Amino acid sequence: MSKPAVRVAVTGAAGQIGYALLFRIASGEMLGKDQPVILQLLEIPDEKAQKALKGVMMELDDCAFPLLQSMTAHSDPVEAFKDVEVALLVGSRPRGPGMERADLLAVNAAIFTAQGKALNQAAKRNVKVLVVGNPANTNAYIAMKSAPDLPAKNFTAMLRLDHNRALSQLATKMGKPVADIQKLAVWGNHSPTMYADYRFATIGGQSVEKLINDAAWNRDVFLPTVGKRGAAIIEARGLSSAASAANAAIDHIRDWVLGTNGKWVTMGVPSDGSYGIPEGTMYGVPVTCEGGEYHRVKDLAVDAFSRERMDLTLKELIEERDAVAHLLK
Ligand SMILES: NC(=O)C1=CN([C@@H]2O[C@H](COP(=O)(O)OP(=O)(O)OC[C@H]3O[C@@H](n4cnc5c(N)ncnc54)[C@H](O)[C@@H]3O)[C@@H](O)[C@H]2O)C=CC1
Ligand SMILES: O=C([O-])CC(=O)C(=O)O
């Protein structure tokens, strides 16, 4: 007998990332090849967006995915989040011409306050929330703060794209398979200030730091390349990363739900106060996952260079948090 279906909400479902994401969820790549799903798709109450969403749903129909039990389109977040166990918050307002960062934060704060409240009201109490829409960490923080009846640990921000980008850059540098790299960490904000840290990483059991042995490459090439990769994709494609972002979202939820078998991955999670990061800050950290829970990798040494980088990305997150604090009262 097949398992009961899991309800999965996706916001911004008619957008670029949505188009790269929904088909993979429906084919079982996120929750497992034996796990039926029900998709509850949210778009803005705008005729064009809702029509585009209907088109995506027609294509999903046309795939005849055996695991896709049903799907619904919504413009009201409370309806979209009814009984969901997984919520992928992808839709957000992009920066428009002449828009300051503070304006962007304020517009998105309104969206994620409303969606946090809707999750609080309608979602299953064990809902796993992943915020993809930028600024992802602060949006996740806002949603978490707006959902006081749900456990804070249920809210996460996507740092997995940074993690995957860093893995790929390291594998290329060493001329070795990406799959052989273990114990990479990415700290902080999903922004150019993130700190991808390969001090603990191994490849085929050997230390990546020792193999590379080039602090200048780390500081001047690796970190800027990973940090500015989003901008480089926009420059090359004329559009921001979508398939790689959707892939990272699939990786994040799959690992959270199905486990990592001891492997380290990066998730943006509310800090428990460790590593000098104030409690509650939505901050990227290395984790392992087991039994549907994530566990921080604990007690890693923090050297002077790492402290500086971890504090720099923290400072940006605190500034973002302070910029929206008045909207959270
Ligand atoms: N965390 C990460 O690693 C990454 C995050 N992103 C971010 O993901 C977000 C989505 O990117 P794309 O799909 O390329 O954008 P897009 O503009 O193609 O699609 C976004 C969709 O969200 C919808 N939307 C806007 N506000 C909404 C709301 N309140 N409720 C429901 N739907 C809403 C829009 O109508 C649009 O269809 C952006 O904020 C982007 O910056 C992109 C790449 C990586
Ligand atoms: O940079 C952007 O606007 C999109 C994004 O978050 C990324 O690709 O990392």
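Just so you know, these numbers come straight off a predicted model, no measurement behind them.
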For this session: Go through Glu85 and Val8 one step at a time and tell me if the side-chain contact (heavy atoms from CB on, under 4.5 Å) criterion holds.
Result: CA-CA 6 Å; Glu85 288 178 67; Val8 177; over 6 Å; no
Going by heavy atoms in the side chains, are [X] and [Y] under 4.5 Å from each other?
X: Phe23; Y: Glu59; result: yes
X: Val127; Y: Val86; result: no
X: Trp187; Y: Leu300; result: yes
X: Arg321; Y: Ile318; result: yes
X: Leu31; Y: Ile253; result: yes
X: Met282; Y: Leu317; result: no
X: His295; Y: Cys289; result: no
X: Leu327; Y: Thr113; result: no

Can you tell me if [atom1] on [X] sees more than 12 non-hydrogen neighbours from other groups inside 6.0 Å?
X: Arg229; atom1: CZ; value: no
X: Asp149; atom1: CG; value: yes
X: Lys210; atom1: NZ; value: no

Quick check for you: to the nearest 0.5 Å, what is the distance between [X] atom [atom1] and [Y] atom [atom2]?
X: Leu105; Y: Glu320; atom1: CG; atom2: CD; value: 5.5 Å
X: Met267; Y: Thr288; atom1: CE; atom2: OG1; value: 10.5 Å
X: Asn139; Y: Phe112; atom1: CG; atom2: CZ; value: 4.0 Å
X: Leu67; Y: Ser2; atom1: CG; atom2: OG; value: 9.0 Å
X: His252; Y: Met30; atom1: NE2; atom2: CE; value: 10.5 Å
X: Ser70; Y: Ile38; atom1: OG; atom2: CD1; value: 4.0 Å

Is it possible for you to say whether [X] and [Y] belong to one hydrophobic cluster, with membership spreading through side-chain heavy-atom contacts below 4.5 Å?
X: Leu161; Y: Ile233; answer: no
X: Leu223; Y: Leu314; answer: yes
X: Val285; Y: Tyr141; answer: no
X: Leu22; Y: Ile250; answer: yes
X: Phe155; Y: Val131; answer: yes

Nearest heavy atoms of [X] and [Y], plus distance in Å:
X: Ser271; Y: Pro278; answer: CB-O, 3.4 Å
X: Ser146; Y: Leu328; answer: OG-CD2, 4.2 Å
X: Thr225; Y: Val221; answer: OG1-O, 2.6 Å
X: Ala73; Y: Gln50; answer: CB-OE1, 4.4 Å
X: Thr156; Y: Lys153; answer: CG2-O, 4.3 Å
X: Ala26; Y: Phe65; answer: CB-CD1, 3.4 Å

Could you check whether [X] pairs with [Y] (Lys NZ or Arg NE/NH1/NH2 to Asp/Glu carboxylate O, under 4.0 Å)?
X: Glu319; Y: Lys315; value: yes
X: Asp311; Y: Arg307; value: yes
X: Asp197; Y: Arg199; value: yes

[X] side chain to [Y] main-chain N or O, any donor-acceptor pair under 3.5 Å?
X: Ser75; Y: Ile44; result: no
X: Thr11; Y: Leu42; result: no
X: Arg219; Y: Trp217; result: no
X: Arg7; Y: Ala80; result: no
X: Asn261; Y: Lys263; result: no
X: Gln35; Y: Lys3; result: no
X: Thr202; Y: Gly205; result: no
X: Glu279; Y: Asp272; result: no
X: Asn154; Y: Lys128; result: no
X: Glu209; Y: Phe200; result: no

Exercise. Under the criterion side chain to side chain donor-acceptor pair (under 3.5 Å), which of Asn137, Thr313, Asp162, Thr266 is the partner of His190?
Worked result: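 The single option meeting the side chain to side chain donor-acceptor pair (under 3.5 Å) with His190 is Asp162.
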Whether the [X] and [Y] side chains hold a donor-acceptor pair (N or O, under 3.5 Å, no angle test) is what I'd like checked.
X: Arg165; Y: Ser241; result: yes
X: Glu290; Y: Thr260; result: no
X: Arg24; Y: Asn247; result: yes

For this session: Run the ring-centre check on Tyr275 versus Tyr283 and record whether the distance is less than 6.0 Å.
Result: no
Problem set entry | Ring geometry between Tyr195 and Phe305 (parallel below 30°, tilted from 30 to 60°, perpendicular above 60°) |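 Because their plane-to-plane angle is over 60°, the rings of Phe305 and Tyr195 count as perpendicular.
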For this session: Evaluate the criterion side-chain contact (heavy atoms from CB on, under 4.5 Å) for residue pair Ile25 and Leu88; output intermediate values, then yes/no.
Result: CA-CA 11 Å; Ile25 299 174; Leu88 296 162; 3.6 Å; yes
Under 3.5 Å, which donor-acceptor pairs do the side chains of residues 172-184 form with other protein atoms, sequence neighbours left out?
residue, atom, partner, partner atom, Å
Thr172, OG1, Ser168, O, 2.8

For this session: Show your reasoning for whether side-chain contact (heavy atoms from CB on, under 4.5 Å) applies to Lys117 and Val78.
Result: CA-CA 8 Å; Lys117 285 184 179 155; Val78 176; over 6 Å; no
For this session: Verify side-chain contact (heavy atoms from CB on, under 4.5 Å) between Trp256 and Val265, making sure each step is shown before the conclusion.
Result: CA-CA 10 Å; Trp256 191 0; Val265 293; over 6 Å; no
